[in-house]
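Any value given below was found using the heavy atoms of this structure, including those in side chains, with hydrogens, waters and symmetry copies removed. Naming: A, B, ... by sequence-line order, numbering from 1 per chain.
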There are 2 protein chains.
Amino acid sequence: MTTEPNIATIARRPLHMELVDCLRDMIVEGTLPPGSKIPERDLCERFGVSRTPMREALKVLAVEGLILLSPNRGAWVSKLTIGDLEEVFPVMGALEALSGELACERITDEQLADIRAAHEEMVEHYRAGRRADYFRLNRQIHHAILEAAGNATLAAQYRALDARLRRARYLANVSDRRWAQAVAEHEQILAALAARDGTKLAAVLKQHLRNKFETVREWLADHGER
Amino acid sequence: MTTEPNIATIARRPLHMELVDCLRDMIVEGTLPPGSKIPERDLCERFGVSRTPMREALKVLAVEGLILLSPNRGAWVSKLTIGDLEEVFPVMGALEALSGELACERITDEQLADIRAAHEEMVEHYRAGRRADYFRLNRQIHHAILEAAGNATLAAQYRALDARLRRARYLANVSDRRWAQAVAEHEQILAALAARDGTKLAAVLKQHLRNKFETVREWLADHGER
DNA sequence: AAATTGAATTATGAATCCATAATTACGTCA
DNA sequence: TGACGTAATTATGGATTCATAATTCAATTT
(Lines give C-alpha, C1' and ligand atoms only; values in the text may rest on other atoms or scores of the structure.)
Protein backbone atom coordinates (compact mmCIF):
# COMPACT_ATOMS: atom_id res chain seq x y z
CA MET A 1 0.00 0.00 0.00
CA THR A 2 1.00 3.53 -0.54
CA THR A 3 2.18 4.94 2.74
CA GLU A 4 5.39 6.72 2.06
CA PRO A 5 7.37 8.05 4.96
CA ASN A 6 7.70 11.69 4.08
CA ILE A 7 11.16 11.62 2.62
CA ALA A 8 12.67 9.31 0.07
CA THR A 9 15.58 7.53 1.64
CA ILE A 10 18.69 6.02 0.11
CA ALA A 11 19.68 4.02 3.16
CA ARG A 12 21.35 0.65 2.82
CA ARG A 13 19.19 -2.42 3.12
CA PRO A 14 18.83 -3.97 6.55
CA LEU A 15 20.61 -7.25 7.09
CA HIS A 16 17.46 -9.27 7.50
CA MET A 17 16.26 -8.31 4.01
CA GLU A 18 19.55 -9.40 2.55
CA LEU A 19 19.19 -12.67 4.40
CA VAL A 20 15.62 -13.16 3.19
CA ASP A 21 16.78 -12.91 -0.42
CA CYS A 22 19.73 -15.24 0.13
CA LEU A 23 17.71 -17.84 1.97
CA ARG A 24 14.87 -17.67 -0.54
CA ASP A 25 17.31 -18.42 -3.34
CA MET A 26 18.86 -21.24 -1.35
CA ILE A 27 15.45 -22.78 -0.84
CA VAL A 28 14.31 -22.33 -4.43
CA GLU A 29 17.53 -23.77 -5.79
CA GLY A 30 17.46 -26.70 -3.44
CA THR A 31 20.56 -25.84 -1.44
CA LEU A 32 18.22 -26.06 1.50
CA PRO A 33 16.18 -29.10 0.49
CA PRO A 34 12.47 -29.45 1.31
CA GLY A 35 11.83 -30.98 4.68
CA SER A 36 15.28 -30.26 6.02
CA LYS A 37 15.79 -28.51 9.29
CA ILE A 38 17.23 -25.04 9.04
CA PRO A 39 20.33 -24.90 11.21
CA GLU A 40 19.93 -21.40 12.58
CA ARG A 41 23.29 -21.20 14.31
CA ASP A 42 25.21 -22.68 11.39
CA LEU A 43 23.62 -20.26 8.97
CA CYS A 44 24.46 -17.36 11.24
CA GLU A 45 28.11 -18.39 11.26
CA ARG A 46 28.11 -19.03 7.53
CA PHE A 47 26.77 -15.54 6.80
CA GLY A 48 28.67 -13.94 9.64
CA VAL A 49 25.62 -12.39 11.25
CA SER A 50 24.09 -12.63 14.67
CA ARG A 51 20.88 -14.46 15.40
CA THR A 52 18.71 -11.35 15.60
CA PRO A 53 18.53 -10.50 11.89
CA MET A 54 18.48 -14.20 11.00
CA ARG A 55 15.45 -14.75 13.16
CA GLU A 56 13.70 -11.78 11.61
CA ALA A 57 14.41 -13.22 8.18
CA LEU A 58 12.97 -16.58 9.17
CA LYS A 59 9.77 -14.90 10.32
CA VAL A 60 9.41 -13.29 6.92
CA LEU A 61 10.00 -16.52 5.02
CA ALA A 62 7.45 -18.24 7.22
CA VAL A 63 4.80 -15.71 6.21
CA GLU A 64 5.75 -16.29 2.59
CA GLY A 65 5.18 -19.99 3.16
CA LEU A 66 8.65 -21.19 2.25
CA ILE A 67 9.52 -22.37 5.71
CA LEU A 68 7.60 -23.61 8.67
CA LEU A 69 8.27 -22.46 12.20
CA SER A 70 7.51 -24.67 15.12
CA PRO A 71 7.68 -22.99 18.53
CA ASN A 72 10.77 -23.98 20.49
CA ARG A 73 11.63 -26.53 17.82
CA GLY A 74 13.07 -24.40 15.05
CA ALA A 75 12.48 -23.92 11.34
CA TRP A 76 12.01 -26.46 8.56
CA VAL A 77 11.97 -25.95 4.81
CA SER A 78 8.39 -26.61 3.81
CA LYS A 79 7.73 -29.59 1.59
CA LEU A 80 5.68 -29.48 -1.55
CA THR A 81 3.25 -32.37 -1.73
CA ILE A 82 0.92 -33.33 -4.53
CA GLY A 83 -1.89 -32.27 -2.25
CA ASP A 84 -0.35 -28.82 -1.88
CA LEU A 85 0.07 -28.68 -5.62
CA GLU A 86 -3.58 -29.38 -6.19
CA GLU A 87 -4.42 -26.59 -3.79
CA VAL A 88 -2.10 -24.05 -5.32
CA PHE A 89 -3.04 -24.78 -8.91
CA PRO A 90 -6.55 -23.28 -8.95
CA VAL A 91 -5.38 -20.21 -7.06
CA MET A 92 -2.53 -19.54 -9.42
CA GLY A 93 -4.85 -20.26 -12.32
CA ALA A 94 -7.23 -17.55 -11.17
CA LEU A 95 -4.38 -15.08 -10.74
CA GLU A 96 -2.80 -16.04 -14.03
CA ALA A 97 -6.10 -15.56 -15.88
CA LEU A 98 -6.54 -12.17 -14.28
CA SER A 99 -3.05 -11.12 -15.25
CA GLY A 100 -3.83 -12.02 -18.85
CA GLU A 101 -7.00 -9.97 -18.89
CA LEU A 102 -5.40 -6.94 -17.32
CA ALA A 103 -2.32 -7.17 -19.51
CA CYS A 104 -4.47 -7.10 -22.64
CA GLU A 105 -6.20 -3.96 -21.41
CA ARG A 106 -3.01 -2.13 -20.62
CA ILE A 107 -0.03 -3.42 -22.52
CA THR A 108 1.77 -0.85 -24.64
CA ASP A 109 3.17 -1.54 -28.09
CA GLU A 110 6.62 -1.14 -26.64
CA GLN A 111 6.05 -3.71 -23.92
CA LEU A 112 4.61 -6.05 -26.52
CA ALA A 113 7.66 -5.61 -28.71
CA ASP A 114 9.93 -6.47 -25.79
CA ILE A 115 7.95 -9.61 -25.07
CA ARG A 116 8.01 -10.56 -28.73
CA ALA A 117 11.78 -10.20 -28.79
CA ALA A 118 12.14 -12.33 -25.69
CA HIS A 119 9.81 -14.86 -27.27
CA GLU A 120 11.91 -15.12 -30.43
CA GLU A 121 15.02 -15.61 -28.36
CA MET A 122 13.30 -18.22 -26.24
CA VAL A 123 12.22 -20.17 -29.32
CA GLU A 124 15.83 -20.11 -30.51
CA HIS A 125 16.95 -21.66 -27.24
CA TYR A 126 14.20 -24.26 -27.56
CA ARG A 127 15.33 -25.20 -31.08
CA ALA A 128 18.90 -25.51 -29.81
CA GLY A 129 17.78 -27.53 -26.81
CA ARG A 130 19.26 -25.10 -24.30
CA ARG A 131 16.99 -25.80 -21.35
CA ALA A 132 18.48 -23.38 -18.84
CA ASP A 133 18.41 -20.45 -21.25
CA TYR A 134 14.90 -21.38 -22.30
CA PHE A 135 13.73 -21.32 -18.73
CA ARG A 136 15.33 -17.97 -18.10
CA LEU A 137 13.55 -16.36 -21.03
CA ASN A 138 10.34 -18.15 -20.18
CA ARG A 139 10.39 -16.67 -16.71
CA GLN A 140 11.23 -13.29 -18.13
CA ILE A 141 8.21 -13.37 -20.44
CA HIS A 142 5.77 -14.31 -17.72
CA HIS A 143 7.29 -11.64 -15.54
CA ALA A 144 6.79 -9.09 -18.31
CA ILE A 145 3.13 -10.03 -18.73
CA LEU A 146 2.62 -9.60 -15.01
CA GLU A 147 4.37 -6.26 -15.28
CA ALA A 148 2.14 -5.22 -18.16
CA ALA A 149 -0.92 -6.04 -16.08
CA GLY A 150 0.10 -3.07 -13.94
CA ASN A 151 -1.20 -4.43 -10.67
CA ALA A 152 1.37 -4.63 -7.87
CA THR A 153 -0.97 -6.50 -5.56
CA LEU A 154 -1.57 -9.18 -8.15
CA ALA A 155 2.14 -9.43 -8.89
CA ALA A 156 3.02 -9.84 -5.23
CA GLN A 157 0.43 -12.55 -4.66
CA TYR A 158 1.45 -14.40 -7.78
CA ARG A 159 5.13 -14.26 -7.01
CA ALA A 160 4.61 -15.59 -3.50
CA LEU A 161 2.90 -18.68 -4.87
CA ASP A 162 5.35 -19.02 -7.72
CA ALA A 163 8.29 -19.13 -5.32
CA ARG A 164 6.72 -22.08 -3.55
CA LEU A 165 6.48 -24.00 -6.81
CA ARG A 166 9.69 -22.90 -8.40
CA ARG A 167 11.68 -25.29 -6.22
CA ALA A 168 9.99 -28.22 -7.90
CA ARG A 169 9.91 -26.68 -11.36
CA TYR A 170 13.61 -26.09 -10.96
CA LEU A 171 14.24 -29.80 -10.64
CA ALA A 172 11.55 -31.26 -12.88
CA ASN A 173 12.75 -31.77 -16.42
CA VAL A 174 9.99 -31.25 -18.92
CA SER A 175 9.49 -34.07 -21.36
CA ASP A 176 10.12 -33.29 -25.02
CA ARG A 177 6.42 -33.60 -25.75
CA ARG A 178 5.42 -31.14 -23.02
CA TRP A 179 8.20 -28.81 -23.98
CA ALA A 180 6.95 -28.64 -27.56
CA GLN A 181 3.45 -28.05 -26.27
CA ALA A 182 4.65 -25.25 -24.03
CA VAL A 183 6.33 -23.51 -26.92
CA ALA A 184 3.18 -23.83 -29.01
CA GLU A 185 1.20 -22.30 -26.15
CA HIS A 186 3.65 -19.44 -26.02
CA GLU A 187 2.90 -18.72 -29.66
CA GLN A 188 -0.75 -18.48 -28.75
CA ILE A 189 0.05 -16.27 -25.79
CA LEU A 190 1.84 -13.85 -28.05
CA ALA A 191 -0.98 -13.87 -30.57
CA ALA A 192 -3.62 -13.19 -27.93
CA LEU A 193 -1.54 -10.40 -26.45
CA ALA A 194 -1.03 -8.80 -29.86
CA ALA A 195 -4.79 -9.01 -30.51
CA ARG A 196 -5.49 -7.67 -27.01
CA ASP A 197 -7.87 -10.58 -26.59
CA GLY A 198 -8.04 -10.82 -22.82
CA THR A 199 -10.49 -13.71 -22.67
CA LYS A 200 -8.38 -15.75 -25.05
CA LEU A 201 -5.15 -14.93 -23.25
CA ALA A 202 -6.66 -15.88 -19.90
CA ALA A 203 -7.68 -19.25 -21.29
CA VAL A 204 -4.31 -19.92 -22.90
CA LEU A 205 -2.39 -18.94 -19.79
CA LYS A 206 -4.53 -21.20 -17.68
CA GLN A 207 -3.93 -24.12 -20.02
CA HIS A 208 -0.24 -23.30 -20.07
CA LEU A 209 -0.19 -23.35 -16.30
CA ARG A 210 -1.87 -26.75 -16.26
CA ASN A 211 0.94 -28.01 -18.49
CA LYS A 212 3.49 -26.83 -15.95
CA PHE A 213 1.56 -28.39 -13.13
CA GLU A 214 1.42 -31.75 -14.79
CA THR A 215 5.17 -31.67 -15.21
CA VAL A 216 5.67 -30.92 -11.55
CA ARG A 217 3.06 -33.47 -10.54
CA GLU A 218 4.81 -36.23 -12.45
CA TRP A 219 8.12 -35.26 -10.95
CA LEU A 220 6.63 -35.29 -7.45
CA ALA A 221 5.06 -38.68 -8.08
CA ASP A 222 8.48 -40.08 -9.01
CA HIS A 223 10.84 -38.29 -6.70
CA GLY A 224 8.06 -38.55 -4.21
CA GLU A 225 7.87 -36.24 -1.38
CA ARG A 226 4.67 -37.49 0.03
CA MET B 1 2.49 -26.26 2.88
CA THR B 2 2.54 -29.54 4.57
CA THR B 3 5.87 -29.91 6.26
CA GLU B 4 5.20 -31.13 9.72
CA PRO B 5 8.06 -31.28 12.12
CA ASN B 6 7.92 -34.88 13.17
CA ILE B 7 5.92 -34.45 16.31
CA ALA B 8 2.78 -32.46 16.89
CA THR B 9 3.47 -29.91 19.57
CA ILE B 10 1.17 -28.25 22.05
CA ALA B 11 3.65 -25.57 23.08
CA ARG B 12 2.47 -22.11 23.99
CA ARG B 13 2.51 -19.51 21.25
CA PRO B 14 5.61 -17.37 20.93
CA LEU B 15 5.25 -13.76 21.99
CA HIS B 16 5.74 -12.36 18.52
CA MET B 17 2.70 -14.26 17.23
CA GLU B 18 0.62 -12.90 20.07
CA LEU B 19 1.85 -9.45 19.19
CA VAL B 20 1.07 -9.91 15.49
CA ASP B 21 -2.54 -10.71 16.34
CA CYS B 22 -2.85 -7.80 18.77
CA LEU B 23 -1.30 -5.30 16.42
CA ARG B 24 -3.32 -6.56 13.46
CA ASP B 25 -6.50 -5.98 15.43
CA MET B 26 -5.32 -2.54 16.52
CA ILE B 27 -4.68 -1.60 12.92
CA VAL B 28 -7.92 -3.06 11.58
CA GLU B 29 -9.94 -1.35 14.29
CA GLY B 30 -8.23 1.96 13.80
CA THR B 31 -6.53 2.16 17.19
CA LEU B 32 -3.41 2.58 15.13
CA PRO B 33 -4.72 4.87 12.41
CA PRO B 34 -3.49 4.67 8.80
CA GLY B 35 -0.43 6.77 8.14
CA SER B 36 0.54 7.02 11.77
CA LYS B 37 4.00 6.16 12.96
CA ILE B 38 4.24 3.08 15.08
CA PRO B 39 6.02 3.98 18.31
CA GLU B 40 8.04 0.84 18.80
CA ARG B 41 9.33 1.64 22.25
CA ASP B 42 5.97 2.82 23.55
CA LEU B 43 4.25 -0.31 22.30
CA CYS B 44 6.91 -2.45 23.96
CA GLU B 45 6.25 -0.74 27.27
CA ARG B 46 2.51 -0.94 26.80
CA PHE B 47 2.62 -4.67 26.19
CA GLY B 48 5.45 -5.24 28.63
CA VAL B 49 7.70 -6.98 26.12
CA SER B 50 11.18 -6.30 24.89
CA ARG B 51 11.97 -5.02 21.45
CA THR B 52 13.04 -8.37 20.02
CA PRO B 53 9.61 -10.02 19.69
CA MET B 54 8.04 -6.66 18.81
CA ARG B 55 10.39 -6.22 15.89
CA GLU B 56 9.75 -9.76 14.71
CA ALA B 57 6.05 -9.00 14.77
CA LEU B 58 6.56 -5.83 12.74
CA LYS B 59 8.43 -7.79 10.08
CA VAL B 60 5.49 -10.16 9.77
CA LEU B 61 2.95 -7.36 9.49
CA ALA B 62 5.09 -5.70 6.85
CA VAL B 63 4.99 -8.86 4.72
CA GLU B 64 1.23 -8.94 5.19
CA GLY B 65 1.11 -5.38 3.89
CA LEU B 66 -0.46 -3.77 6.94
CA ILE B 67 2.56 -1.70 7.84
CA LEU B 68 5.46 -0.22 5.99
CA LEU B 69 9.03 -0.42 7.22
CA SER B 70 11.56 2.19 6.32
CA PRO B 71 15.16 1.33 7.15
CA ASN B 72 16.43 3.28 10.14
CA ARG B 73 13.23 5.32 10.18
CA GLY B 74 10.75 2.97 11.75
CA ALA B 75 7.33 1.60 10.92
CA TRP B 76 4.20 3.32 9.65
CA VAL B 77 0.67 2.00 9.37
CA SER B 78 0.06 1.71 5.64
CA LYS B 79 -2.60 3.92 4.15
CA LEU B 80 -5.35 2.68 1.88
CA THR B 81 -5.78 4.85 -1.15
CA ILE B 82 -8.41 4.70 -3.85
CA GLY B 83 -5.62 3.62 -6.16
CA ASP B 84 -4.79 0.71 -3.86
CA LEU B 85 -8.46 -0.17 -3.73
CA GLU B 86 -8.69 -0.35 -7.48
CA GLU B 87 -5.71 -2.66 -7.49
CA VAL B 88 -6.99 -4.95 -4.79
CA PHE B 89 -10.50 -5.24 -6.15
CA PRO B 90 -9.82 -7.36 -9.22
CA VAL B 91 -7.52 -9.66 -7.28
CA MET B 92 -10.05 -10.25 -4.54
CA GLY B 93 -12.70 -10.66 -7.19
CA ALA B 94 -10.77 -13.48 -8.80
CA LEU B 95 -10.21 -15.18 -5.47
CA GLU B 96 -13.80 -14.67 -4.40
CA ALA B 97 -15.08 -16.18 -7.63
CA LEU B 98 -12.82 -19.16 -7.21
CA SER B 99 -13.97 -19.68 -3.65
CA GLY B 100 -17.54 -19.78 -4.90
CA GLU B 101 -16.79 -22.37 -7.54
CA LEU B 102 -14.86 -24.61 -5.19
CA ALA B 103 -17.43 -24.24 -2.42
CA CYS B 104 -20.17 -25.44 -4.74
CA GLU B 105 -18.15 -28.50 -5.63
CA ARG B 106 -17.41 -29.44 -2.07
CA ILE B 107 -19.88 -28.06 0.40
CA THR B 108 -21.65 -30.61 2.55
CA ASP B 109 -25.32 -30.42 3.49
CA GLU B 110 -24.26 -29.82 7.05
CA GLN B 111 -22.04 -26.87 6.14
CA LEU B 112 -24.85 -25.49 4.03
CA ALA B 113 -27.26 -25.79 6.92
CA ASP B 114 -24.88 -23.86 9.17
CA ILE B 115 -24.57 -21.11 6.62
CA ARG B 116 -28.32 -20.99 6.18
CA ALA B 117 -28.76 -20.61 9.93
CA ALA B 118 -26.21 -17.81 10.04
CA HIS B 119 -27.95 -16.22 7.10
CA GLU B 120 -31.33 -16.24 8.82
CA GLU B 121 -29.82 -14.69 11.92
CA MET B 122 -28.06 -12.08 9.83
CA VAL B 123 -31.30 -11.11 8.11
CA GLU B 124 -32.87 -10.70 11.54
CA HIS B 125 -30.15 -8.28 12.54
CA TYR B 126 -30.65 -6.41 9.29
CA ARG B 127 -34.37 -6.05 9.90
CA ALA B 128 -33.66 -4.77 13.41
CA GLY B 129 -30.99 -2.41 12.11
CA ARG B 130 -28.25 -3.88 14.28
CA ARG B 131 -25.25 -3.02 12.12
CA ALA B 132 -22.52 -4.49 14.31
CA ASP B 133 -24.27 -7.82 14.71
CA TYR B 134 -25.06 -7.87 11.00
CA PHE B 135 -21.41 -7.39 10.14
CA ARG B 136 -20.33 -10.11 12.49
CA LEU B 137 -22.64 -12.65 10.89
CA ASN B 138 -21.78 -11.41 7.43
CA ARG B 139 -18.13 -12.03 8.06
CA GLN B 140 -18.94 -15.41 9.53
CA ILE B 141 -20.83 -16.45 6.40
CA HIS B 142 -18.06 -15.43 4.03
CA HIS B 143 -15.61 -17.21 6.26
CA ALA B 144 -17.75 -20.35 6.13
CA ILE B 145 -17.88 -20.27 2.32
CA LEU B 146 -14.13 -19.96 2.21
CA GLU B 147 -13.95 -22.86 4.62
CA ALA B 148 -16.27 -24.93 2.45
CA ALA B 149 -14.02 -24.30 -0.53
CA GLY B 150 -11.48 -26.45 1.28
CA ASN B 151 -8.40 -24.68 -0.01
CA ALA B 152 -6.06 -23.35 2.65
CA THR B 153 -3.89 -21.54 0.14
CA LEU B 154 -6.87 -19.66 -1.24
CA ALA B 155 -8.09 -18.86 2.26
CA ALA B 156 -4.73 -17.47 3.32
CA GLN B 157 -4.39 -15.28 0.25
CA TYR B 158 -7.92 -13.99 0.60
CA ARG B 159 -7.60 -13.23 4.26
CA ALA B 160 -4.40 -11.28 3.75
CA LEU B 161 -6.10 -8.98 1.28
CA ASP B 162 -9.25 -8.78 3.35
CA ALA B 163 -7.33 -7.56 6.38
CA ARG B 164 -5.98 -4.66 4.35
CA LEU B 165 -9.50 -3.58 3.42
CA ARG B 166 -11.22 -4.34 6.68
CA ARG B 167 -9.83 -1.19 8.24
CA ALA B 168 -11.81 0.90 5.81
CA ARG B 169 -14.87 -1.35 5.80
CA TYR B 170 -14.84 -1.09 9.56
CA LEU B 171 -15.32 2.65 9.40
CA ALA B 172 -17.44 3.01 6.28
CA ASN B 173 -21.13 2.94 7.07
CA VAL B 174 -23.11 1.32 4.31
CA SER B 175 -25.97 3.36 3.01
CA ASP B 176 -29.47 1.94 3.52
CA ARG B 177 -29.74 1.34 -0.21
CA ARG B 178 -26.50 -0.61 -0.43
CA TRP B 179 -27.32 -2.49 2.72
CA ALA B 180 -30.62 -3.67 1.27
CA GLN B 181 -28.81 -4.64 -1.91
CA ALA B 182 -26.22 -6.60 0.04
CA VAL B 183 -28.91 -8.56 1.84
CA ALA B 184 -30.61 -9.32 -1.46
CA GLU B 185 -27.30 -10.57 -2.83
CA HIS B 186 -26.89 -12.78 0.19
CA GLU B 187 -30.20 -14.42 -0.66
CA GLN B 188 -28.81 -15.18 -4.10
CA ILE B 189 -25.60 -16.49 -2.59
CA LEU B 190 -27.54 -18.94 -0.50
CA ALA B 191 -29.66 -20.03 -3.44
CA ALA B 192 -26.63 -20.61 -5.67
CA LEU B 193 -24.90 -22.56 -2.91
CA ALA B 194 -27.96 -24.72 -2.33
CA ALA B 195 -28.17 -25.42 -6.07
CA ARG B 196 -24.41 -26.08 -6.19
CA ASP B 197 -24.30 -23.67 -9.11
CA GLY B 198 -20.64 -22.62 -9.04
CA THR B 199 -20.79 -20.33 -12.04
CA LYS B 200 -23.76 -18.48 -10.63
CA LEU B 201 -22.24 -18.22 -7.16
CA ALA B 202 -18.99 -16.89 -8.57
CA ALA B 203 -20.89 -14.17 -10.42
CA VAL B 204 -22.99 -13.22 -7.42
CA LEU B 205 -20.01 -13.09 -5.08
CA LYS B 206 -18.14 -10.89 -7.49
CA GLN B 207 -21.07 -8.50 -7.74
CA HIS B 208 -21.40 -8.56 -3.97
CA LEU B 209 -17.76 -7.68 -3.64
CA ARG B 210 -18.18 -4.74 -6.02
CA ASN B 211 -20.94 -3.50 -3.74
CA LYS B 212 -18.56 -3.55 -0.80
CA PHE B 213 -15.89 -1.82 -2.79
CA GLU B 214 -18.14 1.00 -3.82
CA THR B 215 -19.00 1.59 -0.19
CA VAL B 216 -15.35 1.79 0.74
CA ARG B 217 -14.56 3.91 -2.28
CA GLU B 218 -17.18 6.47 -1.34
CA TRP B 219 -15.92 6.57 2.20
CA LEU B 220 -12.37 7.05 1.02
CA ALA B 221 -13.46 9.83 -1.31
CA ASP B 222 -15.03 11.64 1.64
CA HIS B 223 -12.67 10.91 4.48
CA GLY B 224 -10.02 11.08 1.86
CA GLU B 225 -6.76 9.46 2.41
CA ARG B 226 -5.30 10.12 -0.96
C1' DA C 1 13.48 36.97 10.56
C1' DA C 2 14.80 33.01 7.90
C1' DA C 3 18.07 29.66 6.94
C1' DT C 4 21.90 26.74 7.91
C1' DT C 5 25.15 24.38 10.79
C1' DG C 6 26.32 21.49 14.55
C1' DA C 7 25.61 19.46 19.08
C1' DA C 8 22.31 16.76 21.89
C1' DT C 9 18.78 13.56 21.87
C1' DT C 10 16.22 9.74 20.32
C1' DA C 11 15.24 5.54 17.78
C1' DT C 12 16.68 1.82 15.06
C1' DG C 13 19.89 -2.21 13.70
C1' DA C 14 22.54 -5.68 15.33
C1' DA C 15 25.20 -8.45 18.86
C1' DT C 16 25.28 -10.58 23.12
C1' DC C 17 23.47 -12.62 27.18
C1' DC C 18 20.27 -15.40 29.97
C1' DA C 19 16.36 -18.61 30.98
C1' DT C 20 13.96 -22.43 29.54
C1' DA C 21 12.13 -25.89 26.50
C1' DA C 22 13.55 -29.74 23.64
C1' DT C 23 16.69 -33.18 22.26
C1' DT C 24 20.24 -36.42 23.03
C1' DA C 25 23.02 -39.58 25.67
C1' DC C 26 23.61 -42.54 29.13
C1' DG C 27 22.68 -45.74 32.74
C1' DT C 28 19.53 -48.72 35.05
C1' DC C 29 16.19 -52.26 35.30
C1' DA C 30 13.05 -55.65 33.52
C1' DT D 1 18.65 -56.87 24.54
C1' DG D 2 15.24 -53.41 24.78
C1' DA D 3 12.45 -50.02 27.24
C1' DC D 4 12.22 -46.51 30.49
C1' DG D 5 13.83 -42.60 33.19
C1' DT D 6 17.12 -39.21 34.32
C1' DA D 7 21.09 -36.19 33.49
C1' DA D 8 23.78 -33.52 30.09
C1' DT D 9 23.67 -30.96 26.08
C1' DT D 10 21.85 -28.08 22.67
C1' DA D 11 18.74 -24.77 20.59
C1' DT D 12 15.21 -21.51 20.90
C1' DG D 13 12.65 -17.37 22.92
C1' DG D 14 13.22 -13.23 24.94
C1' DA D 15 15.82 -9.34 27.37
C1' DT D 16 19.55 -6.43 27.38
C1' DT D 17 23.36 -3.88 25.61
C1' DC D 18 25.98 -1.30 22.26
C1' DA D 19 26.81 1.23 17.86
C1' DT D 20 25.09 4.16 14.58
C1' DA D 21 21.76 6.57 11.78
C1' DA D 22 18.06 9.96 12.05
C1' DT D 23 15.78 13.65 14.19
C1' DT D 24 15.42 17.69 17.11
C1' DC D 25 16.65 21.98 18.64
C1' DA D 26 19.39 25.72 19.66
C1' DA D 27 22.86 28.92 18.16
C1' DT D 28 25.02 31.47 14.73
C1' DT D 29 25.12 33.82 10.39
C1' DT D 30 23.29 36.32 6.61
Student: side-chain contact (heavy atoms from CB on, under 4.5 Å), that's the test. Do Leu66(A) and Val77(A) meet it? Break it down for me.
Tutor: CA-CA 6 Å; Leu66(A) 285 177; Val77(A) 179; over 6 Å; no
Student: Answer yes when Asp162(B) and Arg159(B) have at least one side-chain N-carboxylate O distance shorter than 4.0 Å, and no when they do not.
Tutor: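 Judged by the 4.0 Å cut-off on N to carboxylate O distance, Asp162(B) and Arg159(B) do not form a salt bridge.
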Student: Starting at CZ of Arg13(B) and ending at C1' of dT12(D), how long is that distance when rounded to a whole Å?
Tutor: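 Interatomic distance, CZ of Arg13(B) to C1' of dT12(D): 17 Å.
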Student: For DNA chain C, what residues of residues 42-54 of chain B have any heavy atom nearer than 4.0 Å?
Tutor: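 DNA chain C contact set from residues 42-54 of chain B: Arg51(B).
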Student: Is there a donor and acceptor pair, one atom on the side chain of Arg55(B) and one on the base of dA14(C), closer than 3.5 Å?
Tutor: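 Side chain to base: pair found, below 3.5 Å.
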Student: Using a cut-off of 4.0 Å on non-hydrogen atoms, how would the nucleic acid contact of Lys59(A) be classed: base, sugar-phosphate, or nothing?
Tutor: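 Since no nucleic acid heavy atom lies under 4.0 Å of Lys59(A), the category is nothing.
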Student: Under 3.5 Å, which donor-acceptor pairs do the side chains of residues 46-53 of chain A form with other protein atoms, sequence neighbours left out?
Tutor:
residue	atom	partner	partner atom	Å
Ser50(A)	OG	Thr52(A)	N	3.4
Arg51(A)	NE	Glu40(A)	OE2	2.6
Arg51(A)	NH2	Glu40(A)	OE2	3.1

Student: So, does Lys37(B) get its side chain near the phosphate of dT12(C), meaning an N or O under 4.0 Å from OP1 or OP2?
Tutor: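 Lys37(B) to dT12(C) OP1/OP2: side-chain N or O found under 4.0 Å.
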Student: Hey, which sits more toward the 5' end of DNA chain C by its nearest nucleotide, Arg41(B) or Leu15(A)?
Tutor: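 Here Arg41(B) is the residue nearer the 5' end.
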Student: Calculate the interatomic distance between Trp76(B) atom CH2 and dA22(D) atom P; express it in whole Å.
Tutor: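 That distance rounds to 11 Å.
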Student: Let me know the distance between CG of Leu19(A) and P of dA14(C), rounded to the nearest Å.
Tutor: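 After rounding, the gap between these two atoms is 9 Å.
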Student: Looking at Arg167(B) and Glu29(B), is any side-chain nitrogen of the basic one under 4.0 Å from a carboxylate oxygen of the acidic one?
Tutor: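 Looking at Arg167(B) together with Glu29(B), the answer is no, because their closest N to O distance does not fall below 4.0 Å.
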Student: Whole-Å distance between dT10(C) P and Asn72(B) CG?
Tutor: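 So the CG-P distance, Asn72(B) to dT10(C), works out to 18 Å.
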Student: Distance check: side-chain N/O of Arg73(A) vs OP1/OP2 of dA21(C), anything under 4.0 Å?
Tutor: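 No, because none of the side-chain N or O atoms of Arg73(A) sits under 4.0 Å from OP1 or OP2 of dA21(C).
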Student: Could you state the atom-to-atom distance from CG of Leu58(A) to P of dA14(C) in whole Å?
Tutor: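 These atoms are roughly 15 Å apart.
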Student: If the threshold is 4.0 Å, N to carboxylate O, is there a salt bridge linking Lys59(B) and Glu56(B)?
Tutor: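 So Lys59(B) does not pair with Glu56(B) through a salt bridge.
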Student: Verify salt bridge (charged side-chain N to carboxylate O under 4.0 Å, His left out) between Arg164(B) and Glu64(B), making sure each step is shown before the conclusion.
Tutor: CA-CA 8 Å; Arg164(B) 287 163 61 176; Glu64(B) 291 183 3; over 6 Å; no
Student: What's the CD-P distance between Glu56(A) and dT12(C), to the nearest Å?
Tutor: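 Taking atom P of dT12(C) as the reference, CD of Glu56(A) is at 13 Å.
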Student: What's the CE-P distance between Met17(A) and dT12(C), to the nearest Å?
Tutor: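 My rounded result for the distance is 14 Å.
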Student: For the pair Glu45(B) and Arg41(B), find out whether any cationic side-chain nitrogen is under 4.0 Å from an anionic carboxylate oxygen.
Tutor: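 Looking at Arg41(B) together with Glu45(B), the answer is yes, because their closest N to O distance falls below 4.0 Å.
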